[in-house]
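What follows is a short report on a single structure.
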Amino acid sequence: MSTLGVQPGIMDIAPYVGGESAVAGAQQVIKLSSNESALGPSPAATAAYGDLAKALHRYPDGDCRELRDAIAEAFSLDAARIVCGAGSDEIISFLCQAYAGPGDEVLYSEHGFLMYPISAKAAGATPVTAPETDLTTDVDALLAAVTDRTRILFIANPNNPTGTYIPRAEMEHLRAGLRDDVLLVIDAAYAEYVGRDDYADGAAMVEAHDNVVMTRTFSKIFGLGGMRLGWGYVPAQVADVLHRIRGPFNVSAPAQAAGVAAVGDTAFTARVRAHNDKWLPWTRDQLRGLGLSVTDSVGNFLLVCFGAKADQGPDHGAEAADAFLKRDGIIVRRMAGYGLPDCLRITIGAEDEMRAVVGSLSRFLGKNT
Ligand SMILES: Cc1ncc(COP(=O)(O)O)c(C=O)c1O
């Protein structure tokens, strides 16, 4: 047995399991398991990535100057407050490393994104959850769960995997109830998909307060999950801290180039949003019509729960539905790891993929639609 000492907390981590992408024996699959973009990346991003192939011997710009300027312009933000990372996962992990350690608590809501407890434990801190109400972040439950040891509070808004969100006013109420030494991290990975007037991504709160951070990603609406590109919008003091701990070249040159092109292709992004605006409600309504319970998601995915169906026996629950979908070559995400064993998460894909998933689930439930 090895005598190497591992830092506290690390062996308690259940490694993150990503969405599956293959079904044994199937040549072609429909992959709806990782909330990837239905339309893929912008052709401009693919071209910018390809152009970099001739210069792979060059180190990237460690400052991500052009990318930060492009993000700042696209979202009307201050480039100096933007810190880029290899996916927003990396920003989440830097925040835990910088602001939480042994004896500290990292708070998040019951069905929050699994990278929060993983990154907290990797930093030696203790993850703590607060209950949700109707599969939605409960601000008062979070405030009640804050202790003297709380250092970071993560909220995905909208949340993955529930798809639900809290309005701007509730987020402000939450911040107002937090001590100044607790960092509020608003993870807005799906912000570009949200079309509600009372929603805010959190950028204005970052500019107004020293203890609020927003994280964003290129993996969702911009379709660049394979590039690993994300960013944080942070107060100046937090930017200074993150720049000290990040690798000097933590974002690859092709990722930076693809990101600049993606964020500049606003016509393509609008097409992706319009596609989601059509097929998210269509799929939600079809599945509700089959008697399934589906949250009011504002992201690019649906949480589908089998509730009453599952009461008819194990053959009618989420596990059996998942196996049935797989036999049809359709891969969705099981939710047991999120404390929702009765539910599946289904990403909004192309039109034929949505029709296929509805057809398959309707056959599973023995209905003809
Ligand atoms: C809520 C949330 N935050 C962060 C991420 C991580 O994204 P990235 O690919 O930028 O690391 C995801 C990815 O699924 C997510 O759902």
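Ligands are counted one by one from 1 in listed order, and the atoms in each one are counted from 1 as well. Because the structure is a prediction, the values reported are computed rather than measured.
- A donor atom on one side chain and an acceptor atom on the other are found under 3.5 Å apart for Tyr165 and Asp198.
- Note that Arg216 lies in the cation-pi zone of Phe75, set by a 6.0 Å cut-off to the ring centre and a 45° limit from the axis.
- Here the side chains of Met335 and His111 are not in contact, with every heavy-atom distance at 4.5 Å or above.
- Every atom of ligand 1 with a heavy atom of Ala189 under 4.0 Å away is listed here by number and element: 2 (C), 3 (N).
- Here the CD-OG1 distance, from Glu132 to Thr164, works out to 6.5 Å after rounding to the nearest 0.5 Å.
- Taking 4.0 Å as the cut-off, Asp187 counts as a neighbour of ligand 1 on heavy-atom distance.
- Ligand 1 does not have Glu90 within reach: every non-hydrogen atom of the residue lies 4.0 Å or more from it.
- The closest approach between any non-hydrogen atom of Phe218 and ligand 1 is not below 4.0 Å.
- Between Tyr116 and ligand 1, a contact under 3.5 Å exists for no N or O pair.
- Side-chain contact annotation: Asn250 with Glu90, donor-acceptor N/O pair under 3.5 Å present.
- For the two cysteine residues Cys64 and Cys84, the thiol sulfurs sit 2.5 Å or further apart.
- Ser219 OG, 2.6 Å is the protein heavy atom nearest to atom 9 (O) of ligand 1.
- Residue, atom and distance of the protein heavy atom nearest to atom 14 (O) of ligand 1 are Lys220 NZ, 2.9 Å.
- The protein atom (non-hydrogen) at minimum distance from atom 6 (C) of ligand 1 is Asp89 OD1, 3.2 Å.
- Of the protein's non-hydrogen atoms, the one nearest atom 10 (O) of ligand 1 is Thr217 OG1, 2.5 Å.
- Summary of contacts: the protein heavy atom closest to atom 12 (C) of ligand 1 is Phe113 CZ, 3.4 Å.
- Inclusion of Ser34 in the set of residues having an N or O under 3.5 Å from an N or O of ligand 1 is not warranted.
- With 3.5 Å as the limit, one finds a donor-acceptor pair spanning the side chains of Tyr116 and Asp187.
- Annotation: cation-pi pair Arg355/Trp282 present, NZ/CZ under 6.0 Å from the ring centroid and within 45° of its normal.
- With 3.5 Å as the limit, one finds no donor-acceptor pair spanning the side chains of Arg179 and Asn211.
- The atoms of ligand 1 that sit less than 4.0 Å from any heavy atom of Asn160 are 1 (C), 14 (O), 15 (C), 16 (O).
- For ligand 1, the polar-atom distance check against Tyr16 finds no nitrogen or oxygen pair separated by under 3.5 Å.
- Ranking the protein heavy atoms by distance from atom 7 (O) of ligand 1 puts Ser88 OG, 3.2 Å first.
- If you number the atoms of ligand 1 from 1 as listed, the ones under 4.0 Å from a heavy atom of Tyr190 come out as 1 (C), 14 (O), 15 (C), 16 (O).
- In this structure, CZ on Phe364 lies 7.0 Å from NE2 on His316, to the nearest 0.5 angstrom.
- When hydrogens are left out, the protein atom nearest atom 11 (O) of ligand 1 is Arg228 NH2, 2.7 Å; that is the closest non-hydrogen contact.
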